[in-house]
Chemist: 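Take this structure, written in structure tokens, and hold onto it; I'll ask about it next.
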Amino acid sequence: MADEKKTAKVPSAAYERELLRLQTELVKLQEWVRTEGARVVVVFEGRDAAGKGGTIKRVAEHLNPRVARIVALPKPTERERTQWYFQRYVEHLPAAGEIVLFDRSWYNRAGVERVMGFCTQEEHQLFLRQCPIFERMLVEEGVLLRKYWFSVSDAEQQKRFRRRLKDPTRRWKLSPMDLESITRWEAYSRAKDEMLVHTDIAEAPWFVVESNDKRRARLNMIAHLLSSMPYHEVPPPVLQLPDRPPSTGYVRPPRDLQTYVPDHAASL
């Protein structure tokens with residue numbers, strides 16, 4: 001069972017205020033990345049329902065999708081299964097001026113694939129040997145790599161699973177494999193511990209985010225990411241709205257020549 005650290009919940013008003021401040025800083029980070037041609041990779045890992053998706057959503061909420069994109073790959077195709085394991089992730093790495101947020105990553109092999117038997121023992125061991133080499137190559141190439149592990153207790157995970165089962169807007173987040181993870185809690189714990197031993201390297205360390213309180217986890221993770229980046233504010237270009245030119249006689253076509261969406265809101 002995971003250790004539960006009892007801390008007070010972050011008040012809603014304080015959370016919203018600080019989140020907006022941090023998101024404003026993320027926009028500044030984005031502009032620095034774009035201007036300087038930096039390349040940023042952020043890896044989000046953790047158990048099912050640990051809060052990764054909600055945090056990623058808050059990170060990307062005000063960013064330009066042409067600069068910052070979320071990568072959440074489905075299970076590999078038959079062709080991809082015959083490739084070098086890291087190959088399908090390499091094509092999603094950032095070019096200059098881009099930020100990539102991995103909603104799960106190459107660490108699938110160290111977690112779900114290992115525990116559920118989707119890879120062999122030999123494939124798993126090869127991953128543990130190659131992963132530090134792969135990440136050192138990324139860092140040596142100049143990629144700013146950050147790795148976050150979202151840690152949630154077994155009791156809190158089950159609470160979140162129950163809420164998803166009852167909420168039709170979140171039901172899609174649950175799969176039979178997610179529910180089976182409840183029965184394999186210790187197996188996932190052992191796999192995670194082994195993963196950290198091999199891949200928590202000086203060039204690309206793991207940062208653990210306590211995520212029993214989602215609000216606290218989001219603020220802590222974003223604040224840490226910003227503090228770890230050598231960014232500075234880039235002065236925005238000076239913009240001024242031009243005067244609207246005088247009319248040249250254009251007349252809008254009659255409304256009845258176009259099909260409008262019904263006013264559903266009027267029925268509320």
Side-chain angles (χ1 to χ4, degrees), residues 1-11 14-15 18-19 22 26 41-60 70-72 101-116 124 127-128 131-132 135 145-165 170 173-175 177-229:
M1 180 178 294
D3 295 333
E4 291 197 49
K5 190 175 181 180
K6 298 294 184 181
T7 53
K9 294 282 187 179
V10 178
Y15 166 73
E18 179 61 8
L19 178 62
L22 292 173
L26 284 171
V41 171
V42 187
V43 169
F44 294 79
E45 290 287 345
R47 296 181 187 272
D48 298 314
K52 303 180 297 298
T55 304
I56 293 171
K57 185 184 298 183
R58 272 65 181 186
V59 170
I70 300 170
V71 174
L101 310 174
F102 277 100
D103 185 355
R104 294 199 181 280
S105 64
W106 45 89
Y107 282 100
N108 274 345
R109 177 138 294 179
V112 64
E113 290 191 17
R114 172 76 174 95
V115 174
M116 302 302 294
H124 177 247
F127 169 83
L128 293 179
C131 185
E135 292 181 351
L145 173 61
R146 300 293 182 270
K147 304 185 304 191
Y148 293 96
W149 177 269
F150 284 71
S151 178
V152 65
S153 69
D154 52 352
E156 180 61 26
Q157 184 192 52
Q158 290 198 52
K159 288 180 185 176
R160 294 176 185 178
F161 280 167
R162 291 191 191 100
R163 286 199 293 269
R164 289 180 180 183
L165 280 170
R170 298 183 183 182
K173 293 184 176 184
L174 278 180
S175 69
M177 192 178 302
D178 295 331
L179 298 179
E180 189 171 347
S181 69
I182 295 175
T183 67
R184 304 196 184 205
W185 180 271
E186 289 191 0
Y188 273 102
S189 295
R190 293 189 182 96
K192 182 259 295 184
D193 292 343
E194 186 177 9
M195 176 195 78
L196 291 179
V197 167
H198 288 84
T199 63
D200 187 18
I201 58 177
E203 297 87 345
W206 276 105
F207 298 102
V208 178
V209 181
E210 293 283 358
S211 60
N212 275 4
D213 179 349
K214 289 184 179 181
R215 291 175 180 173
R216 186 179 299 275
R218 292 165 187 167
L219 297 181
N220 290 344
M221 180 268 150
I222 298 173
H224 180 273
L225 175 64
L226 290 166
S227 71
S228 73
M229 290 289 169

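We're numbering straight along the sequence, starting at 1.
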Chemist: List the residues meeting salt bridge (Lys or Arg N to Asp or Glu O under 4.0 Å) with E194, not counting sequence neighbours, and say none if there are none.
Modeler: none
Chemist: For D213, which residues count as a salt bridge (Lys or Arg N to Asp or Glu O under 4.0 Å) partner, sequence neighbours excluded?
Modeler: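 With neighbours one apart ignored, the set is R216.
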Chemist: Evaluate whether atom CZ of R163 has more than 12 neighbouring non-hydrogen atoms of other residues, nucleotides or ligands under 6.0 angstrom away.
Modeler: yes
Chemist: Quick one: does V41's side chain get under 4.5 Å of F102's, heavy atoms only?
Modeler: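 Yes, side chains in contact.
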Chemist: My understanding is that only residues two or more places apart in sequence, or in another chain, count here; which of them pass side-chain hydrogen bond (donor to acceptor under 3.5 Å, both in side chains) with R164?
Modeler: none
Chemist: For K57, give me all partners under side chain to side chain contact (heavy atoms under 4.5 Å, CB included), at least two apart in sequence or on another chain.
Modeler: none
Chemist: Distance from R162 atom CZ to L174 atom CG, nearest 0.5 Å?
Modeler: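 If we round to the nearest 0.5 Å, R162:CZ and L174:CG are 12.0 Å apart.
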Chemist: Ignoring hydrogens and geometry, is there a side-chain-to-backbone donor-acceptor pair from N212 to S153 under 3.5 Å?
Modeler: yes
Chemist: Tell me, please, which residues at least two apart from K192 pass salt bridge (Lys or Arg N to Asp or Glu O under 4.0 Å).
Modeler: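 K192 satisfies salt bridge (Lys or Arg N to Asp or Glu O under 4.0 Å) with no residue once adjacent residues are dropped.
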Chemist: For A60 and I70, work out which heavy atoms get closest and say how close.
Modeler: CB-CD1, 4.1 Å
Chemist: Return the minimal non-hydrogen interatomic distance between F44 and T55, and the atom names on each side.
Modeler: CE2-CG2, 4.1 Å
Chemist: D48 and Q157: side-chain contact (heavy atoms from CB on, under 4.5 Å), yes or no, with the steps?
Modeler: CA-CA 8 Å; D48 298 314; Q157 184 192 52; 4.1 Å; yes
Chemist: Could you tell me which residues satisfy side-chain hydrogen bond (donor to acceptor under 3.5 Å, both in side chains) with Y15, sequence neighbours excluded, listed by chain and number?
Modeler: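 Per chain and number, Y15 pairs via side-chain hydrogen bond (donor to acceptor under 3.5 Å, both in side chains) with R218.
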Chemist: Nearest 0.5 angstrom please: I56 CD1 to L101 CG, how far?
Modeler: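 With rounding to 0.5 Å, CD1 (I56) is 6.5 Å from CG (L101).
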Chemist: Side chains of C131 and H198: does their closest heavy-atom pair fall under 4.5 Å?
Modeler: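 The answer is no; the side chains never approach within 4.5 Å.
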Chemist: Considering residues at least two apart in sequence or located in another chain, which fulfil the ring pair (Phe, Tyr, Trp, His ring centres under 6.0 Å) criterion with H224?
Modeler: Y148, F207
Chemist: Any idea which heavy atoms bring A204 and E135 closest together, and the distance?
Modeler: CB-OE1, 3.8 Å
Chemist: Could you pull out the closest heavy-atom pair between A191 and A110, with the gap in Å?
Modeler: CB-O, 3.5 Å
Chemist: For the atom pair CG (N220) and CD (E210), what is the distance rounded to the nearest 0.5 Å?
Modeler: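 Between N220 CG and E210 CD, I get 9.5 Å after rounding to 0.5 Å.
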Chemist: Assess the side chains of S181 and D178: does a donor N or O sit below 3.5 Å from an acceptor N or O?
Modeler: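 Looking only at side-chain atoms, D178 and S181 do not form any donor-acceptor pair under 3.5 Å.
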Chemist: Once salt bridge (Lys or Arg N to Asp or Glu O under 4.0 Å) is applied, do any residues pair with R58, and if so which ones, sequence neighbours excluded?
Modeler: none
Chemist: Can you name the nearest heavy-atom pair linking G51 to R160, along with the distance?
Modeler: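 What the structure gives for the nearest pair is N-NH1, 3.9 Å.
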Chemist: Listed by chain and number, what are the side chain to side chain contact (heavy atoms under 4.5 Å, CB included) partners of R184, not counting sequence neighbours?
Modeler: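 Here the qualifying residues are V115, M116, E180, A187, Y188.
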Chemist: Do F127 and E113 come within less than 4.5 Å of each other through their side chains, counting heavy atoms only?
Modeler: no
Chemist: Heavy atoms, side chains only, cut-off 4.5 Å: are V59 and M221 in contact?
Modeler: yes
Chemist: For W206, enumerate each residue passing the ring pair (Phe, Tyr, Trp, His ring centres under 6.0 Å) test, keeping only those at least two apart in sequence or located in another chain.
Modeler: Y107
Chemist: Just jot down the side-chain hydrogen bond (donor to acceptor under 3.5 Å, both in side chains) partners of R215, sequence neighbours excluded, or say none.
Modeler: none
Chemist: Take W149 and V43 through the side-chain contact (heavy atoms from CB on, under 4.5 Å) test and state the conclusion after the steps.
Modeler: CA-CA 8 Å; W149 177 269; V43 169; over 6 Å; no
Chemist: Considering non-hydrogen atoms only, spot the tightest contact between V208 and S151 and give its length.
Modeler: CG1-CB, 3.9 Å
Chemist: Sequence neighbours left out, what passes side chain to side chain contact (heavy atoms under 4.5 Å, CB included) with L226? Give chain and number order.
Modeler: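 With sequence neighbours excluded, L226 shows a side chain to side chain contact (heavy atoms under 4.5 Å, CB included) to L22, E25, L26, L29, I222, Y231, given in chain and number order.
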Chemist: Within the 3.5 Å criterion, strictly below it, is a donor on R47 or S189 matched to an acceptor on the partner's side chain?
Modeler: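 Indeed, the side chains of R47 and S189 share at least one donor-acceptor pair under 3.5 Å.
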Chemist: Is there a donor in the side chain of S105 and an acceptor in the side chain of E45, or the other way round, less than 3.5 Å apart?
Modeler: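 Checked: S105/E45 side chains pair up, N/O donor to acceptor below 3.5 Å.
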Chemist: Would you give the length of the straight line joining atom NE2 of H124 to atom CE of M195, rounded to the nearest 0.5 angstrom?
Modeler: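 It comes to 9.5 Å.
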